[in-house]
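Have a look at the structure below, then the notes.
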Amino acid sequence: MKLLRSMAVAGLMALSSFTFANDIENGPDFGFTPDEYAERFNGHLDQLGLPLELDPTINEEDIGAQAVFSSVFFDTVGITGTAKPESRLVNGFILNGTGNGTAESGQLIMVMFATAIASIDPDSYPDEHIPTVLRLLEDMQSSPDTTASTVIDGVSYNISNSSYTGVMLGISPAE
């Protein structure tokens, strides 16, 4: 009886895991792959004269409910992207900025956040999105215990700050 119960629990866990992954696969996405996003992101970095490169490689062995790719730049800014496990269409980003208190590190975080936003739209450029980043940062400053968020052109932006994680920007398709 104990074995049967254990098998039933394992079966339910597998079914819920499959259902969760299925929900993700059928959920919203940006309509591009990590490679397409990285091409735009890296093109913007090149135009800005920044010797950095986003790596769109997904570790096939680590795919669970989401496929994940990530890169860290100057130990100051990191980006993690998630993609659907089957179609590999990108469905979200989390950027993390941990400045060192200098104006330069703050500017790098802003430029990288704006570059991440600009790379969603192939006809967009980072300088067009500095105001979005500034507005989110200002909203966060006025209510430091909350997450500042906005939706622009069907994309949801959420920003928060913590002494443990630094500034975090979440980007996802608005549902």
Side-chain angles (χ1 to χ4, degrees), residues 28-30 32-59 62 64-84 89-175:
D29 60 64
F30 288 113
F32 51 74
T33 65
D35 288 327
E36 292 166 320
Y37 182 79
E39 185 177 326
R40 291 195 291 257
F41 191 92
N42 293 337
H44 290 311
L45 293 177
D46 191 48
Q47 289 173 341
L48 293 168
L50 294 171
L52 307 169
E53 190 170 293
L54 174 66
D55 181 2
T57 305
I58 292 171
N59 183 343
D62 290 340
Q66 298 266 37
V68 177
F69 59 100
S70 63
S71 292
V72 175
F73 308 101
F74 294 128
D75 293 332
T76 304
V77 181
I79 180 170
T80 300
T82 58
K84 295 178 174 183
L89 294 175
V90 174
N91 58 3
F93 299 98
I94 295 176
L95 287 93
N96 177 258
T98 55
N100 59 14
T102 65
E104 292 82 17
S105 71
Q107 290 169 351
L108 178 64
I109 291 168
M110 283 185 30
V111 166
M112 295 301 279
F113 282 15
T115 300
I117 295 169
S119 300
I120 292 168
D121 177 359
D123 298 322
S124 192
Y125 294 93
D127 60 338
E128 299 170 18
H129 298 284
I130 294 288
T132 301
V133 174
L134 286 172
R135 185 171 61 245
L136 285 165
L137 288 169
E138 287 170 7
D139 290 349
M140 183 186 63
Q141 296 281 332
S142 63
S143 300
D145 294 334
T146 62
T147 298
S149 61
T150 189
V151 175
I152 301 171
D153 296 329
V155 178
S156 176
Y157 303 97
N158 300 287
I159 196 164
S160 63
N161 190 20
S162 160
S163 58
Y164 298 108
T165 62
V167 179
M168 294 188 75
L169 173 64
I171 306 172
S172 60
E175 293 190 50

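Listed by chain and number, the residues in a side-chain contact (heavy atoms from CB on, under 4.5 Å) with Ile94 are Met168 (sequence neighbours excluded). Residues passing the side-chain hydrogen bond (donor to acceptor under 3.5 Å, both in side chains) test with Glu104, sequence neighbours excluded: none. Remark: Tyr37 engages Phe32, Phe41, Phe93 in a ring-ring contact (aromatic ring centres under 6.0 Å, His included) (not counting sequence neighbours). Every side-chain contact (heavy atoms from CB on, under 4.5 Å) that Pro56 has, sequence neighbours left out, goes to Pro34, Asp35, Ala38. Asn91 meets the side-chain contact (heavy atoms from CB on, under 4.5 Å) test with Ile24, Asp29, Gln66, Thr82, Lys84; sequence neighbours excluded. By the side-chain hydrogen bond (donor to acceptor under 3.5 Å, both in side chains) test, Asp55 is found to be paired with Thr57, residues two or more places apart in sequence or in another chain being considered. For Pro28, the side-chain contact (heavy atoms from CB on, under 4.5 Å) partners at least two apart in sequence or on another chain are Pro173, Glu175. For Glu53, there are no side-chain hydrogen bond (donor to acceptor under 3.5 Å, both in side chains) partners at least two apart in sequence or on another chain. Taking the side-chain hydrogen bond (donor to acceptor under 3.5 Å, both in side chains) definition, one finds that Thr102 meets it with Asn100, Ser105, sequence neighbours left out.
Judged purely by atom type and a 3.5 angstrom limit, Asn96 has no side-chain atom pairing as donor or acceptor with the backbone of Gly78.
Evaluation of the side-chain hydrogen bond (donor to acceptor under 3.5 Å, both in side chains) test over residues 114-123, restricted to residues two or more places apart or in two chains, returns none. Identified under the ring-ring contact (aromatic ring centres under 6.0 Å, His included) test for residues 95-131, with sequence neighbours left out: His44-Tyr125.
Heavy atoms only, all atoms of each residue included: Thr80 and Val68 are closest at CG2-CG1, 3.6 Å. The minimum heavy-atom distance linking Val77 with Met112 is given by the pair CG1-CB, 3.8 Å. Closest of all the heavy-atom pairs between Val133 and Ala114 is CG2-N, 3.9 Å. For the pair Ala148 and Leu136, the tightest heavy-atom approach, listed with the atom from each and the gap, is CB-O, 3.6 Å.
Of the inter-residue distances, the one linking Gln107 atom CD with Thr76 atom OG1 reads 12.5 Å to the nearest 0.5 angstrom. Note that the CZ atom of Phe74 and the CG atom of Leu52 stand 4.5 Å from one another [nearest 0.5 Å]. Taking CD1 from Ile171 and OG1 from Thr132, the interatomic distance works out to 10.0 Å, rounded to the nearest 0.5 Å. A distance of 9.5 Å separates CD1 of Ile159 from OG1 of Thr147, quoted to the nearest 0.5 Å. Between Phe73 atom CZ and Leu50 atom CG the span is 9.5 Å, to the nearest 0.5 Å. Atom CG of Asn161 sits about 8.5 Å away from atom CG of Leu137, to the nearest 0.5 Å.
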Donor-acceptor pairs are to be reported for all side-chain atoms of residues 149-157 against protein atoms at under 3.5 Å, with residues two or more places apart or in another chain.
unit_1	atom_1	unit_2	atom_2	d
Ser156	OG	Asn158	ND2	3.4

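Counting non-hydrogen atoms of other residues, nucleotides and ligands closer than 6.0 Å to CD of Glu39 gives a total of 12 or fewer.
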